[in-house]
Structures are given as C-alpha cells and as structure tokens.
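Quick one: this structure, given as structure tokens, is what I'll be asking you about.
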Amino acid sequence: MGTWLARYAADPVDEADGTLVGPAVDGTTVRGSRTDGAAVHLLAAALHACQTVIAQRQVTAKSNEIPAFAPLLDRIDLRGVVVTADAMHTRRAHAEHVIAAGGHYLLVVKDNQKKLRKQLRHLPWRQIPLQARTTGAGHGRREVRRLKVCTARPGLLFPHAVQALEIKRRGTNLTTGKAETKTVYAVTSLPPDQAGPAQRAELAHDHWSVEALPHVTDVTFGENASRVRTGTAPRAMATLRSLAIKLMRQAGRTNIAAAADHYRSRPQHATAMLPLTA
C-alpha cells in the first residue's frame, strides 16, 4: 500500500522550481493497543508535501525505533530526496545509510550527540545574518521561526555534513500571551548550491508539520480508543487510516474531520476516489 501511495504522491523533486521535499521519519504509539504487554509502536516515513505515509514498520516490544530506521527506508527510493528526522535518528550509521542509498539528510541535533551539539553551539552564529523567516499558527499558538545557515568547517563530528542550521522558534500562546523561544540545531548533507536557506527552512518546518499526523489520526479516527488492540491488527488499521487521509488530501480536502463526515454519509463519493476496476 505504501508503494501505491508513493506512486500517486507528489514527485520528490519539483523540476519546475527545484523544490526539494522528502520523507520525514517519525514514530508514534497506538496507545489503546496491547501486544506482548506493551502498546504498539510504529515507525513511519511520510512525504512532506502531502503528509502521506509511504512506509511503516512495527517496532518490537523489547526494542526501539533505532534498529527499524534502515529497514524502513530500504523500501523507499531515496535518490534525489531529503530524509528528515528528529534527534533520536541523528546517528552516524543512519546518515551513512541515507547517503549510500543516494539521498540527503537533514537531522536535528540534541544532547544525545553532546559533542556535536557543542560544536554547533560554538559556530559564529552572531556573525551570520538572518537568512530566512517564516511564521505559522495552529493549536492556539503563533510561531515565528528564524533560520541561519553556516557552511560546516572541516572536522564537524558527523559524516557527510556540509552545513549546519540554527533555527530559533518563538511561540506565543494566543490566549495567555506567554512567549517562549527555543533554539534548535541541525546538520544536513545538502550542499549550498542544491538548496538555499528558504528551502532548508521549509524542510525543517515540513518535518515538524508531519509530526502532527498522529494528532489527526487520534482526534479524527479515534486511533487510541480503537478496540483493535493486538498482534499486527493495530498496524494494519494505521495503514488504512493513512490511506484514507491521503485520498482525502488528494481530493483537495484540507479539513480531514469535515471530509470524514462528508464521506461517511456519502460512501459512493469515497469509493469514487479509488481507481478500482472489475
């Protein structure tokens, strides 16, 4: 099903304007499920532009997401795409795997890579001009993101990293007015001539927007309250929810809850979205 979804999703590179998009790797727990005494945890790859899950693996109960990273991406053609992931997957072996498969990466750096993060913090950010500024709003917050990019000096403690990013995210609670600023660092294998600051800012933002997918599946489809609890059934249902979301977005729907209500009462419209033949 992931292969079918990838075929009908947007191309990894828009030849018209050179925009780079790619799969965001992110994990989620189906909290209402129980397999081997623990809730089912899934690692998925979702395309940025259309928030479509094109690959998914169930993480074993006695493991974590890290061993599932490479097998998950092995199902995807990484040539010409940019894999984005949060700090858990900022690992040398993961970077080498992406590069060997013909892709690029943009990975967040936190304290699980202490020496690398220290290096990034001490880059001359104050001397670097602001290169991109984006704004967004949602879930009762307004956020302003400011991006600076620094070409990596020799000796950066991460394979194939050619540029470092500093992203300052200032979020304001629209109800209380309280503001909070966070500084996020990232590394990327994308050379300067292949993606400008604005594209890098978009890649980082789109990764965080994909992280909102579990909120959609739970609030709209009641994933965590599902009575489908054991074995591989929760994973299968998660795949079907991803299919439904993709078809709705492909039909031009932006409000998934409203779209679900529409198709629930008009099943003939839902089946019309599938290219089924006798």
Flag, side chain of Ser226 to backbone of Glu223, donor-acceptor distance under 3.5 Å:
no
Hey, could you give me the CG/CG distance between Leu165 and Leu120, rounded to the nearest 0.5 Å?
9.5 Å
With a 3.5 Å distance limit and no angle check, can you tell me whether Thr239 reaches the backbone of Arg235 through a side-chain donor-acceptor pair?
yes
List the atom of Val82, the atom of Leu106, and the distance in Å for their closest heavy-atom pair.
CG1-N, 4.0 Å
Looking only at atom types and distance, does a side-chain atom of Thr181 sit under 3.5 Å from a main-chain N or O of Arg170, one as donor and one as acceptor?
no
Please find the pair of heavy atoms, one from Arg117 and one from Lys110, that lie closest to each other, and give the distance.
CD-C, 3.6 Å
Short side-chain to backbone donor-acceptor contact, Asn255 and Ala258, under 3.5 Å:
yes
Keeping Glu166 on the side-chain end and Val149 on the backbone end, is there a donor-acceptor pair under 3.5 Å?
no
Would you say the side chains of Gln56 and Arg75 form a donor-acceptor pair under 3.5 Å?
no
Answer yes or no: is there an ion pair linking Asp261 with Arg264, defined by an N-O contact shorter than 4.0 Å?
yes
For a side chain to side chain contact (heavy atoms under 4.5 Å, CB included) with Asp86, tell me which candidate from Val25, Leu107, Asp26, Val108 qualifies.
Val108
Side chains of His48 and Leu203: does their closest heavy-atom pair fall under 4.5 Å?
yes
Determine whether Leu247 and Arg249 make a side-chain contact, defined as any pair of heavy atoms from C-beta on separated by less than 4.5 Å.
no
Are Val98 and Phe69 packed together at the side-chain level, in the sense that at least one heavy-atom pair is separated by less than 4.5 angstrom?
yes
Between Ala179 and Thr172 the two heavy atoms that sit nearest each other are CB-OG1, 3.9 Å
Value for OG1 (Thr188) from CG (Leu190), rounded to nearest 0.5 Å, stands at 3.5 Å
Got a donor-acceptor contact below 3.5 angstrom from the Ser265 side chain to the His262 backbone?
yes
Would you find a donor on one side and an acceptor on the other, under 3.5 Å apart, between the side chain of His94 and the backbone of Thr90?
no
Heavy-atom distance under 4.5 Å between the side chains of Val187 and Tyr105, does that happen here?
yes
Looking only at heavy atoms, the pair that brings Ala257 and Thr220 closest together is CA-CG2, 3.8 Å
With a 4.5 Å cut-off on side-chain heavy-atom distances among I, L, V, M, F, W and Y, is there a chain of contacts connecting Leu240 to Val228?
yes
Within this structure, what is the CG-OG1 distance for the pair Leu147 and Thr134, rounded to the nearest 0.5 Å?
8.0 Å
Test item: Thr217 and Ile245 side chains (from C-beta on) under 4.5 Å apart, heavy atoms
yes
Tell me, with the steps shown, if Arg146 and Ile167 meet side-chain contact (heavy atoms from CB on, under 4.5 Å).
CA-CA 6 Å; Arg146 295 177 173 87; Ile167 305 166; over 6 Å; no
Rounded to the nearest 0.5 Å, how far does CG of Leu123 lie from CD of Gln119?
7.5 Å
side-chain hydrogen bond (donor to acceptor under 3.5 Å, both in side chains), paired with Ser189, selected from Gln194, His104, Gln163
His104
Less than 4.5 Å apart, any side-chain heavy atom of Leu47 and any of Val81?
no
For Arg145, is there an ion pair with Glu143 - N to carboxylate O distance below 4.0 angstrom?
yes
Can you hop from Leu116 to Met88 via hydrophobic side chains spaced under 4.5 Å?
no
Approximate separation, where rounding is to 0.5 Å, of Asp77 CG and Ile54 CD1
9.5 Å
Interatomic distance, CE@Met248 vs CD1@Ile256, rounded to 0.5 Å, equals 6.0 Å
What closest approach, in Å, do His207 and Ala24 show between heavy atoms, and which atom pair accounts for it?
ND1-CB, 3.3 Å
Evaluation steps, side-chain contact (heavy atoms from CB on, under 4.5 Å), between Leu42 and Val59:
CA-CA 6 Å; Leu42 304 173; Val59 177; over 6 Å; no
May I ask you to check whether over 12 heavy atoms, not counting those of Arg266, lie within 6.0 Å of atom CZ?
yes
Other residues, nucleotides and ligands only: do more than 12 of their heavy atoms fall within 6.0 Å of CD on Gln268?
yes
Could you check if a side-chain atom of His89 sits within less than 4.5 angstrom of a side-chain atom of Arg91, using non-hydrogen atoms only?
no
Using a distance-only test with no angle check, is there a side-chain donor-acceptor pair under 3.5 angstrom linking His41 and Glu65?
yes
Which pair of heavy atoms, one from Leu157 and one from Arg92, lies closest together, and at what distance?
O-NH2, 3.0 Å
Side-chain contact, heavy-atom cut-off 4.5 Å: Thr135 with Arg142?
no
Relative to Tyr263, does Arg253 satisfy both conditions: NZ or CZ under 6.0 angstrom from the six-membered ring centre, and within 45 degrees of the ring's axis?
yes
Has Arg133 got a side-chain atom pairing as donor or acceptor with Leu130's backbone, closer than 3.5 angstrom?
no
Just by distance, do the side chain of Lys148 and the backbone of Ile128 share a donor-acceptor pair under 3.5 Å?
yes
